[in-house]
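Numbering of ligands and ligand atoms starts at 1, following listing order.
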Amino acid sequence: MNAGFPAPDHDHARCVADTLARAEETCDGRGRRLTPLRRRVLETLALSHRPVGAYDIVERLTKTGEPVPAMSVYRALDFLVAEGLAHRIESRNAFLACNHGHDSGEVVVFLLCERCGTVAEVTRSAVGRELVRTARVVGFEVRVPVLEIAGLCEVCRETEARR
Ligand SMILES: [Zn+2]
Ligand SMILES: [Zn+2]
């Protein structure tokens with residue numbers, strides 16, 4: 001089992017459809033609206049397992065339809081992140097679609113491949129819980145419980161080994 005990294009031959013169309021269906025469901029359940037723009041922004045993110053920068057999203061949306069003002073894209077991203085439908089990857093200054101829910105306060109660990117740019121999410125993390133506990137001991141309140149770890153994914157490691 002490769003911990004959270006998408007298999008190179010996985011059914012990605014299904015992956016995108018699942019992410020969008022889950023987002024619709026989440027928004028319905030909370031009485032929030034997944035407007036057409038929010039949906040398009042999420043779809044643009046979901047098309048890739050690599051984080052996408054806000055400006056790239058504006059460009060891609062403009063290429064595939066009506067020009068979209070950057071401000072509207074930023075607002076859509078704020079919404080998606082606030083609802084837990086997307087994550088902000090700080091070290092890349094970019095965004096990633098999320099297709100599973102999170103408990104509040106849960107520490108999210110991202111494994112970032114330095115070669116192909118793919119990001120995997122590891123949610124069940126004892127390390128995360130330990131960190132929150134350690135922070136509490138020194139009187140620190142965790143606000144953004146996110147860890148980003150850089151390295152090489154399994155696919156890239158195998159490619160490298162074959163050289
Ligand atoms: Zn996929
Ligand atoms: Zn990789």
Practice task
With the Zn ion (ligand 2) at the centre, find the angle made by SG from C116 and SG from C156, to 10°.
Solution key: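 Result: 110°, to 10°.
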Practice task
Report yes if the distance between the aromatic ring centroids of F95 and H87 is under 6.0 Å, otherwise no.
Solution key: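 No.
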Exercise for the section: Angle at the Zn ion (ligand 1): provide the value between SG of C15 and NE2 of H49, rounding to 10 degrees. Expected result: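 Nearest ten degrees: 100°.
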Handout entry: Apex the Zn ion (ligand 1) - arms NE2 from H10 and ND1 from H12 - angle rounded to 10°
Key =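 H10 NE2 and H12 ND1 form an angle of 110° at the Zn ion (ligand 1).
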Problem - Minimum side-chain heavy-atom gap V68-R40 below 4.5 Å - result: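 The answer is yes, as the side chains (C-beta and beyond) meet within the 4.5 Å cut-off.
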Exercise for the section: Please tell me if the side chains of R136 and E141 come closer than 4.5 Å, counting only heavy atoms from C-beta onward. Expected result: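 R136 does not reach E141 side chain to side chain.
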Problem - Residue pair R33, C27: steps toward the side-chain contact (heavy atoms from CB on, under 4.5 Å) verdict - result: CA-CA 6 Å; R33 240 163 57 76; C27 288; over 6 Å; no
